[in-house]
2 protein chains.
Amino acid sequence: MAFENLSERERLVLRSLINHYITTAEPVGSRAVAQKYRLGISPATVRSTMQDLEEMGLITHPHTSAGRVPTDKGYRLYVDSMMGPEALTASEEDRIRREICADYAAVEDILEQTATVLATVSKQLVVTIAPRFDKGVLNSVNLIPVAEKKILVILAVKHGLVRTVLLEAESSVDVKSLEKTADVLNEKLSGLTLGEIKESIDLRLKETSPADARLIKLFLDSTDSLLDFTEPDQMHLGGTTNIVDQPEFRDREKLRSLIEVLEEKKLLAELVSAKGIKEGISITIGKEMERGEMQSCSLVTSPYRAGKVRGTIGIIGPTRMRYSKLASMVEYAAKLLSDVLSR
Amino acid sequence: MAFENLSERERLVLRSLINHYITTAEPVGSRAVAQKYRLGISPATVRSTMQDLEEMGLITHPHTSAGRVPTDKGYRLYVDSMMGPEALTASEEDRIRREICADYAAVEDILEQTATVLATVSKQLVVTIAPRFDKGVLNSVNLIPVAEKKILVILAVKHGLVRTVLLEAESSVDVKSLEKTADVLNEKLSGLTLGEIKESIDLRLKETSPADARLIKLFLDSTDSLLDFTEPDQMHLGGTTNIVDQPEFRDREKLRSLIEVLEEKKLLAELVSAKGIKEGISITIGKEMERGEMQSCSLVTSPYRAGKVRGTIGIIGPTRMRYSKLASMVEYAAKLLSDVLSR
DNA sequence: GCCTGGCACTTTCCCTCGGAGAGTGCTAAC
DNA sequence: GTTAGCACTCTCCGAGGGAAAGTGCCAGGC
């Protein structure tokens, strides 16, 4: 669908209408557009322009005598070609910077904090997802016995990212062979990315002594969950309360189904990080969302990087959201996060 | 307030009324009580009994011509002295048992799963809180270098409980002295409970060589967060959606403020585990709750044990909840959890 | 003397109705 | 092509009225 053929006036009206609707959450009438945005045209003219826009499917009527409301398609056009970037205010920037750049040792703490600040500043729901480890270069492996049959696997990746998994062995393992296995693993695997390791691990460990086979196998099993970025503890939510206040979630069913998605952390993580694959800000609007439950929401995401690995942050809100501002905000936060995590 | 002087009839009426109200969520009229529970007395008699109960502050009127509703005080009496334990159905038990007793290596996974099952079976909000480490007997300490200045501290406690904290050193530390420090710590501290360690650590480590002082100090700093059971990752929520469906949370403000509390994980953890101190089921009703935001809720909790250490599980719902059933459920789950975690 | 049926009274709930308000869409004039 | 005017449509809100539910009290009965 090419909308390049929209007249200048049509573009102007659509933009004004969306801007107005975003702040008021009420259907916008022709008078409001004509007067408030001083387009120098009369309400009647606006009305006829609106009819055109409606025919193109960019706006709709809730009912005959109400003002107009943008459709998802309308928002899409607005986002793609008519919204300017809206800079954050100094105080917003300050606040975000202060929280993200405070010093934490653990990545999770930063992500948790990021989710919280962004939520307060944006007044929306914020999701931050830990870096996907599969592109990370392995620094070291440690196998620590913590109980008779329990082994803690510690994977350290460049840039201070760490992940641990607790394994249960079938029989008790002695410390010596554990250390030996760890040595073997370190020797053979460090310097590789976890993705590479996962693919080629059978090959690489083929010629190791059979004595360690059992432990190696155990280690193999663990990599799956180590690499799984959709694990619930790899995700942080902030601002759940904010969605309750949004007028669009007056509708109980909508609220319910959204909260349902939030509880299914795995699902949510997939949804958000799928968008974080490509570089830069990515905006998903309403029906474009794969999950039916979220089709009254929009999602603004950006990847961030921690060295070689990438994670995603996202803001979720009703389709009527301040795209320009939120995009700037996500972009800013992602940049800060990348800086902090890559230093 | 002694209510032992309640007549048999008054007790009967109150009980019937509460039972009825719990299932319908509607004010209960005299007719409903008289007929449905076959007390062999007429509605008129019930009415006059109700007046007595109202004078005692056990039930109220939403308005003149509505039925009666129990007050917090009424629920309290009911819970303390007139509700029989309500056994779980076989299928409920099965379901809970299956999920809790599935084999997980990590305690967090069990807790997460427990929260989820209990939420589905109880149709309420469930909170599970990880064991409080301070009573745990230290098994081993490990200090693992994961990046130039980053050290992963691993505390293993009896019964396979593990906690890790990432520390940031001021300058890079070499592996040798790290190992040495770990050895010292293990030697001096293992076999003690973490609580003892925390209290007496200065003393115990006084005569160590000054070379390690820096590392030891770092370790000391970490114990605070290691022992903090209110850390967000030590808590699991299940069934957030369920509260949205409760008729008592139609009121937006109530819903909002409850969700607010849920987001403040630290707060919630304190609230719930405060009740888990004493042995056995503990029930907190409405206004008895410390936090104002939660005064329209009730809380049913029980501690569970993993060896020597204890954690808490709790169910949160509106004051109009099925206390007897939920108490049985929490009790059952706590017992299973204790079994699983202590073996 | 306690229980009960009867009855008047109160309050909510729901439906309807009508007027005010907002906004459209069309048409005719500029 | 733009605008003013105007009839029309639809929602929103408050008033009014009847039904339903339940109470509180009183007088009579076992």
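Per chain, numbering begins at 1; letters A, B, ... match sequence-line order.
Going from atom CD of E8(A) over to atom C1' of dG1(D) covers 17 Å, rounded to whole Å. The separation between D52(B) atom CG and dT23(D) atom C1' is 15 Å, rounded to whole Å. Atom CE in M50(A) sits roughly 16 Å away from atom P in dT2(D) (whole-Å rounding). When rounded to the nearest whole Å, the span between CZ of R9(A) and C1' of dG1(D) equals 8 Å. dG23(C) atom C1' lies 16 Å from atom OH of Y21(A), rounded to whole Å. Distance H63(A) NE2 to dG23(C) P: 10 Å, rounded to the nearest Å. Straight-line distance from the NE2 atom of H61(B) to the P atom of dG22(D): 11 Å, rounded to whole Å. If you take CZ of R31(B) and P of dG24(D), they are 17 Å apart, rounded to a whole angstrom.
Not one N or O on the side chain of T312(B) forms a donor-acceptor pair closer than 3.5 Å with the backbone of S302(B). Counting only distance, with no hydrogens or angles, the side chain of N242(A) and the backbone of A119(A) share a donor-acceptor pair below 3.5 Å.
Evaluated for a side-chain contact (heavy atoms from CB on, under 4.5 Å) with L118(A), the options V126(A), V330(A), L326(A) yield exactly one hit, V126(A).
Taking every side-chain heavy atom of R68(B) into account, dT23(D) is the closest of dT3(D), dT23(D), dT24(C). Among the nucleotides dT9(D), dT3(D), dC25(D), the one closest to the side chain of T45(A) is dT3(D). Minimum atom distance to the side chain of S30(A) is reached by dT24(C), of the listed dT2(D), dT23(D), dT24(C). Across dG22(D), dG25(C), dG24(D), the shortest atom-to-atom separation from the side chain of S65(B) is found for dG22(D). Listed nucleotides: dG24(D), dG25(C), dT3(D). Nearest to the side chain of R47(A): dG25(C).
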Query raised in the report: Between E260(B) and T241(A), is a side chain to side chain donor-acceptor pair (under 3.5 Å) present by the stated rule, with each step listed?
Result: CA-CA 6 Å; E260(B) 230 158 58; T241(A) 332; 4.7 Å; no
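Of the charged side-chain nitrogens involved, at least one lies within less than 4.0 Å of a carboxylate oxygen, so that R68(A) and E54(A) count as a salt-bridged pair.
Nucleic acid contact class of A66(A) (heavy atoms, under 4.0 Å, all strands): sugar-phosphate only.
Within the 4.0 Å cut-off from OP1 or OP2 of dG25(C), at least one side-chain nitrogen or oxygen of Q51(A) is found. Taking side-chain N and O atoms only, T64(A) has a distance below 4.0 Å to OP1 or OP2 of dC10(D).
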